[in-house]
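As the structure lists them, so they are numbered: ligands from 1, and atoms in each ligand from 1. Starting from 1, each residue takes its place in the sequence as its number.
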Amino acid sequence: MDKFAMIIFGASGDLTKRKLMPALYSLYRDKRLTGSFTVLGIGRTVYSDEDYRSYILGELQQFVKAEEQNLELMSSFVSHLYYLPMDPAKVEGYSQLRERLVELTKEVDPDNLLFYLATPPSLYGVVPLHLKAAGLNTPHSRIIVEKPFGYDLESALELNKIYSSVFDEHQIYRIDHFLGKETAQNVLAFRFANGIFEPLWNRNYIDYVEITAVENLGIEQRGGFYETAGALRDMVQNHLIQLVALTAMEPPAVFNADNFRNEVVKVYESLTPLTETDLNEHIVRGQYTASGNKKGYREEKGVAPDSRTETYIAMKLGISNWRWSGVPFYIRTGKQMPTKVTEIVVHFRETPHQMFRCSGGNCPRANKLILRLQPNEGIVLKIGMKVPGAGFEVRQVTMDFSYAQLGGVPSGDAYARLIDDCIQGDPTLFTRSDAVEASWNFFDPVLRYWKDNPDAPLYGYPAGTWGPLESEAMMHEHGADWTNPCKNLTNTDQYCEL
Ligand code: BG6
C-alpha cells in the first residue's frame, strides 16, 4: 500500500493515544509513510477534525520520547488526521463512513483501506459484519485486530468464522505486539543464525526453561477491560505462548510468513494437554493485595470488591515432541511485581560428573542462558570459571552482550514495526487463524476448570512482591527457584539476580 487510508476504530481511546499515534508518527518521521495517506479516527466521543488534530498533537507530546519530538513534524503529521464521531456497534453509521471515505480517498487509492480495531473486544465480531454490509471490505483492504482474539476457544472459532466470511485470511492481521519487539525477533536470529547453540537446544542438554513477563504497574485505568480478561487472556494465551513458540520451534527451511507460522502452530499443537493434576497443581493464580501505598486489585476503579480475576499466573507446560519431551517450560506473568522484566531463561543440564567441589562458598553450577527482551535488552551466558589462586574454586560469571554494544537500545516500537509490516502486506509477525485456535485449544481447559471450580485457589500476594509463594513451591518440585532479576532494574543496570 503506497497510498492508503487507515481507519481506526476506538480513536479516542487509550491504545490510540499511547501506542498507535506515536507509532504512526514514528513511521512518518522515518519516511516510511511515503505516498499520500489519511488516517480517519472513529469513536463515540465527539471531535471535529481540527479538535481531534489538536488532541492528538497534545498526546504525542506526552507519549513520544522527548528526543524524538519535533513540533513541526508532529504538526505536519496530524494534518493527515480526520475524525468521524460514530458508534461502531451500530450499522447505521457505516453508510456515513463510506461517504466520508469517498471524500477522503480522492487523494489516495479508494481500495486501499486499512482498518484498525482498537476497540473493546466486545466489538470485534460486530465491526467486520458492518463493514461488509457497507461494502467496505474491498479486495485490497486489510484489518488489524487487537488481542485478545476471543474469550475462549468457542468465541475464537466464532470470530474466525466471522472474519473469514468478510475477508480472506491474507487480509486479516491479528496483532500481538510482543512479536513486533526487536528482541523477540532476535530470539530467532540467536537460535538460527548461529551454528553453536542449536545442537544443544533440546532435551539432551536443556534441563528446563523459564519465561517471565512481569510488570511493576497495576492495571492502571483498565479495570473494566481487565475484569473480563485476567492475566490468562491478557498475557498468557498470546504474548507468553508466542515466546514459548520462538524458544521451542523448529527452524523453517526458508523464512517466510507461511513457513514461520507453520512452525509456530506445530509448537502449539505439541503442547502437552493439561491433566486434572496439572490444572490443580501446575497452575498458580494470584491477585495483588494492598501493600504500603499501593492499592490492592479489588480497590482499583472498575473492579468488583469480591473479584476473583487473576493478576498473576505461573504455569508448568510440557511440549510433547522429540526435541522437548520431558523438559518443563515454566511461564509466569504478573502485575504489581517488584520490577518490569521480560526474559527467557534456558537452564542447561549439569555436567555429567562433578569434578570440582564446592569451595570458598562457591559450587559449580549448571550453565544458564538469559535472553532478555526488556529492559537492558541483551543476552547473557552464565559459565563457571576458576577463581585465580590456589585450589580449584569455580565461580559462575557472566558473558554478556547488550544491545547497547550494537550502537543503541532497540527503540522498542513494536507497533510501528507491525503497522509498517501490514502496510507492506507482510503478515509474518501476525497470528494466523489456526494458531489462535490451537492456542485456545490448549488454554480452554484452564478457563473451564476455573469456571467449574469457583473455589479453586486464587492466592493473594502483596503488591510489589514476586507473587504467591505457591509458585515458588511449584518450582521447588523441580529442585529450582525462579530467576528473579534485580528489583529496580533499569536500562543501564548490569544483569543481576536477587
Ligand atoms: C498488553 C497487555 O498486551 O501488554 C497489558 O494488555 C500489558 O496488560 C502489556 O501491560 C505489556 O506489554 P509491554 O510491551 O509493555 O511489555
Engineer: Would you say Met86 and Leu97 make side-chain contact, with heavy atoms under 4.5 Å?
Structural biologist: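 Met86 reaches Leu97 side chain to side chain.
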Engineer: Looking only at atom types and distance, does a side-chain atom of Arg332 sit under 3.5 Å from a main-chain N or O of Ala314, one as donor and one as acceptor?
Structural biologist: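 Answer holds: no.
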Engineer: With side-chain contact (heavy atoms from CB on, under 4.5 Å) as the test, would you mind laying out the steps for Leu20 and Tyr116 before giving the verdict?
Structural biologist: CA-CA 9 Å; Leu20 305 187; Tyr116 199 116; 3.5 Å; yes
Engineer: Distance to 0.1 Å, residue and atom name: give those for the protein heavy atom nearest to atom 11 (C) of ligand 1.
Structural biologist: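 Ranking protein heavy atoms by distance from atom 11 (C) of ligand 1, first comes Glu215 OE1, 3.9 Å.
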Engineer: Does a sphere of radius 6.0 Å around CZ in Arg191 hold more than 12 heavy atoms from other residues, nucleotides or ligands, not counting ones at 6.0 Å or beyond?
Structural biologist: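 Above 12, so yes.
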Engineer: Considering non-hydrogen atoms only, spot the tightest contact between Ala416 and Ala23 and give its length.
Structural biologist: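 Closest heavy-atom pair between Ala416 and Ala23: N-CB, 3.5 Å.
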Engineer: Give the residue and atom name of whichever protein heavy atom lies nearest to atom 14 (O) of ligand 1, and the separation in Å to one decimal.
Structural biologist: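 Answer, as residue, atom name and distance: Lys181 NZ, 2.5 Å.
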Engineer: Considering only protein heavy atoms, which is closest to atom 6 (O) of ligand 1, and at what distance to one decimal place?
Structural biologist: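 Checking every protein heavy atom, the shortest distance to atom 6 (O) of ligand 1 gives Asp234 OD1, 2.6 Å.
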Engineer: Quick one: look up the protein heavy atom nearest atom 16 (O) of ligand 1 and list residue, atom name and how far away it is.
Structural biologist: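 Result for atom 16 (O) of ligand 1: Gln374 NE2, 2.6 Å.
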Engineer: Atoms of ligand 1 less than 4.0 Å from Lys147 heavy atoms?
Structural biologist: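 With Lys147 as reference, the close atoms of ligand 1 come out as 1 (C), 2 (C), 3 (O), 6 (O).
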Engineer: Can you tell me if CG on Leu73 sees more than 12 non-hydrogen neighbours from other groups inside 6.0 Å?
Structural biologist: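 Yes, because the 6.0 Å sphere around CG of Leu73 holds more than 12 heavy atoms from other groups.
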Engineer: Test your reading of the structure: does Thr342 have an N or O sitting under 3.5 Å from an N or O of ligand 1?
Structural biologist: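 Thr342 vs ligand 1: no N/O contact under 3.5 Å.
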Engineer: Check the surroundings of atom CZ in Arg44: do more than 12 heavy atoms from other residues, nucleotides or ligands lie under 6.0 Å from it?
Structural biologist: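 Atom CZ in Arg44 is not packed in, count stays at 12 or less.
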Engineer: Around atom 12 (O) of ligand 1, find the nearest protein heavy atom and jot down its residue, atom name and distance.
Structural biologist: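 Answer for atom 12 (O) of ligand 1: His177 NE2, 3.1 Å.
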Engineer: In terms of atom number and element, which parts of ligand 1 are under 4.0 angstrom from non-hydrogen atoms of Lys335?
Structural biologist: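 Going through ligand 1 atom by atom, the ones under 4.0 Å from Lys335 are 5 (C), 7 (C), 8 (O), 10 (O).
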Engineer: Counting distance only, does the side-chain N/O of Glu169 pair as donor-acceptor with the main-chain N or O of Ser433 below 3.5 Å?
Structural biologist: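 Judged by distance alone, yes, a pair lies under 3.5 Å.
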Engineer: Does atom CD of Gln69 have more than 12 heavy-atom neighbours from other groups under 6.0 Å away?
Structural biologist: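 Yes, because the 6.0 Å sphere around CD of Gln69 holds more than 12 heavy atoms from other groups.
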Engineer: List every atom of ligand 1 that sits less than 4.0 Å from any heavy atom of His239, numbering the atoms from 1 in the order shown and giving each element.
Structural biologist: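 Close to His239: 1 (C), 3 (O), 4 (O).
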Engineer: To which protein heavy atom is atom 5 (C) of ligand 1 closest, and what is the distance rounded to 0.1 Å?
Structural biologist: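 Residue, atom and distance for the closest contact: Arg222 NH2, 3.1 Å.
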Engineer: What do you reckon, does Phe178 put a non-hydrogen atom under 4.0 Å from ligand 1?
Structural biologist: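 The answer is yes, since Phe178 has a heavy atom less than 4.0 Å from ligand 1.
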Engineer: Is there at least one pair of N or O atoms, one from Tyr226 and one from ligand 1, spaced under 3.5 Å apart?
Structural biologist: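 Looking only at distances, the answer is no, because the N/O contact criterion of under 3.5 Å is not met.
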Engineer: Looking only at protein heavy atoms, identify the closest one to atom 15 (O) of ligand 1 and say how far it is in Å.
Structural biologist: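 The answer is Lys340 NZ, 2.7 Å.
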